[in-house]
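Working notes, structure below.
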Amino acid sequence: MKWWTGQYKLDDDGRPTTSKLYKSVSKNLDGIPFADEEEAFDFGLDRESDVRNRRVQRSATPINMADYCDLWLKGVSLRIQSNSVYKSRLASVIRPYWAHSSVGDITPVQYDEFKRFVQEKYSYNYARGILGTFKILMDDAVVKYKYREESPIIEQKRRGLYKKKQVRRVKRRLSTRSVHQVAHNAYRVWGFAGWAYVWTIAFTGMRPPGEMFGLQRGYASPYWPASEPDDVLREEALQRYESLHALRVQYQTYRADGQAVLAAPKYDSARTLVLPPFLHEMHQALLASHDQPWVFLSLQGKPLLSTNFAHTYWFPIRDGADERAPRPGYERWARPAVPAVKEMAGEDIYRIRHWHKAKLDEAGDIPRVAIEARMGHELPGMEGTYSEVTVAMEERIAEHLQRVWEKEVVGAGLWTPAFPICLPDGPANSTPPQFSGLPILEYE
């Protein structure tokens with residue numbers, strides 16, 4: 001005999017079809033064979049009644065967690081970078097831990113053991129990512145794939161010893177002098193491009209590495225908005241930024257299937273950022289010193305995407321490095337000792353983006369909508385729906401940031417380098433390419 005489980009068969013993409021999913025047995029719950037067809041039929045009616053009234057778990061055919069991880073990853077629609085992140089979390093932690101478990105058999109107690117294991121073994125941020133991915137897996141197992149009746153992740157009121165929930169990584173204080181030391185170290189390691197790279201993050205809040213690697217000449221303030229390819233945006237921007245310097249965050253760059261591509265910024269947060277005059281002048285000098293389409297180049301004059309940025313640039317900049325004496329044939333690799341930046345110990349360069357947000361908050365009179373838009377975020381709710389960033393707000397941002405530079409860097413007597421030498425004028429250098437020509441990765 002057989003009975004309908006209340007579920008439907010799934011196609012290759014994990015979507016339910018119109019074909020019903022049945023279970024079948026030849027014995028009753030006590031393991032005794034049915035006496036006749038009528039007894040078997042009544043047993044099936046009882047099972048279907050249990051399913052309809054939720055007295056038994058309505059589940060699809062049991063599936064192992066390893067197979068479910070493959071099925072789930074195949075069925076989600078993600079950008080390439082996000083897909084890589086989830087694939088890595090599944091392969092390195094979730095799949096090995098649950099390799100011998102069935103999706104439907106995971107209990108809340110077992111999940112708590114898994115949670116403790118992850119939190120004790122990994123950093124806070126990585127553990128949070130692992131547990132967040134596992135929660136998505138279990139939620140989809142309930143709602144989408146019907147492998148479970150409910151998630152094993154139980155949300156309940158606090159019991160036992162109170163422990164304050166950590167909602168974000170604890171930040172150390174980061175002073176302007178420390179940001180300056182990072183920029184000075186970058187100059188020692190990388191030259192003027194490194195100096196400008198650090199201050200660009202610090203005074204625009206652009207996201208490293210993607211948005212910084214992907215900034216092209218045609219979207220930098222010495223050229224934009226006159227160089228804007230979109231006719232409508234160019235006309236609007238020429239009027240709006242007539243008296244302001246601005247750059248356009250239009251793309252980030254990364255590798256997809258081994259090929260360098262341009263893609264929309266995180267959260268599709270393409271945006272225009274006004275610049276304080278000092279940063280505009282810095283970009284002018286940098287772009288005048290080379291003829292490549294990218295604003296920031298490696299030590300070899302190549303796109304930063306071709307480098308191991310963390311090991312070649314960021315770690316020596318942050319953690320310091322010994323002096324490198326000149327050697328025959330390698331004179332350009334010589335550099336003085338690089339001191340460590342104590343306030344940045346163990347930090348990612350992304351921390352400087354957070355410093356930028358704090359500096360905008362310090363002003364006290366810059367509206368929240370303007371700050372969040374500059375960071376590439378959207379305000380939720382009614383505030384986000386009805387608020388807009390005005391030219392007056394952007395003027396205030398540029399004025400405030402220029403004042404920070406003049407007071408906390410120049411006014412404090414901190415070291416600044418001379419601008420690099422411009423390329424000589426000539427037919428070969430008169431019209432450098434403004435855009436890279438990389439393929440643009442489109443999403444459905």
Side-chain angles (χ1 to χ4, degrees), residues 81 182-202 206-220 222-223 247 251-263 279 282-339 341 348-350 352 417-439:
Q81 285 186 310
V182 172
H184 193 177
N185 285 2
Y187 183 84
R188 290 186 175 103
V189 170
W190 187 4
F192 191 82
W195 171 263
Y197 187 91
V198 171
W199 288 123
T200 299
I201 300 173
M206 290 176 64
R207 298 183 180 98
E211 292 178 357
M212 291 294 294
F213 285 14
L215 182 59
Q216 301 171 83
R217 183 183 291 267
Y219 290 114
Y223 293 85
L247 63 78
Y251 298 111
Q252 60 174 318
T253 184
Y254 53 76
R255 294 194 179 277
D257 298 326
Q259 181 184 16
V261 297
L262 296 172
L279 190 58
M282 199 179 290
H283 286 182
Q284 271 187 320
L286 179 62
L287 289 171
S289 70
H290 69 77
D291 60 358
Q292 299 301 305
W294 305 107
V295 174
F296 303 103
L297 301 176
S298 71
L299 283 166
Q300 294 81 16
K302 297 180 179 180
L304 286 174
L305 193 61
S306 65
T307 68
N308 185 335
F309 184 83
H311 287 84
T312 305
Y313 298 93
W314 178 238
F315 291 163
I317 290 170
R318 181 193 68 187
D319 303 331
D322 296 334
E323 178 184 2
R324 291 202 308 209
R327 292 184 297 167
Y330 295 91
E331 288 78 6
R332 69 172 181 160
W333 298 108
R335 71 183 181 206
V338 181
V341 184
D348 188 82
I349 196 170
Y350 210 91
I352 299 176
F419 280 4
I421 299 174
C422 298
L423 289 178
D425 293 332
N429 301 314
S430 57
T431 56
Q434 296 182 345
F435 302 102
S436 65
L438 286 182

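All values below were derived from every heavy atom in this structure, side-chain atoms included, with hydrogens, water molecules and symmetry-related copies excluded.
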- Task: State, with a plain yes or no, whether a side-chain heavy atom of Pro208 is found less than 4.5 Å away from one of Ile201.
- Result: yes
- Message: Checking Phe435 against Tyr219 for the ring pair (Phe, Tyr, Trp, His ring centres under 6.0 Å) test, could you report, in this order, the C-alpha distance in whole Å, the side-chain angles of both residues, the deciding distance, and whether it holds?
- Response: CA-CA 8 Å; Phe435 302 102; Tyr219 290 114; 5.1 Å; yes
- Item | Considering all heavy atoms, the nearest Phe296-Ala196 contact | CE2-C, 3.8 Å
- Non-hydrogen side-chain atoms of Pro420 and Trp195 separated by less than 4.5 Å: no
- Where Thr312 and Val189 come nearest, the two heavy atoms and their spacing: O-CG1, 4.0 Å
- Task: Please examine the side chains of Tyr251 and Leu438, heavy atoms only from C-beta on, and report whether any two atoms are closer than 4.5 Å.
- Result: no
- Task: Look at the side chain of Arg217 and the backbone N and O of Leu287, then say whether any donor-acceptor pair between them is shorter than 3.5 Å.
- Result: yes
- Query: Of all heavy-atom pairs between Trp294 and Leu297, which one has the smallest distance, and what is that distance?
  - Reply: CB-CD2, 3.9 Å
- Task: Assess whether atom CG of Asp257 is packed by more than 12 heavy atoms of other residues, nucleotides or ligands within 6.0 Å.
- Result: no
- Indicate the ring-plane relationship of Phe192 and Phe419, choosing parallel, tilted or perpendicular according to the 30° and 60° boundaries. perpendicular
- Between Val182 and Ile317, is any pair of side-chain heavy atoms under 4.5 Å apart? yes
- Pairwise side-chain contact, Gln216 with Thr253, heavy-atom cut-off 4.5 Å (strictly under): no
- Test item: Pro303 and Phe213 side chains (from C-beta on) under 4.5 Å apart, heavy atoms: no
- Report yes if some heavy atom in the side chain of Asn185 is under 4.5 Å from a heavy atom in the side chain of Pro339; otherwise report no. yes
- Item | Test item: Met212 and Ile349 side chains (from C-beta on) under 4.5 Å apart, heavy atoms | no
- Task: Classify the ring geometry between Tyr313 and Trp190 as parallel (under 30°), tilted (30 to 60°) or perpendicular (over 60°).
- Result: tilted
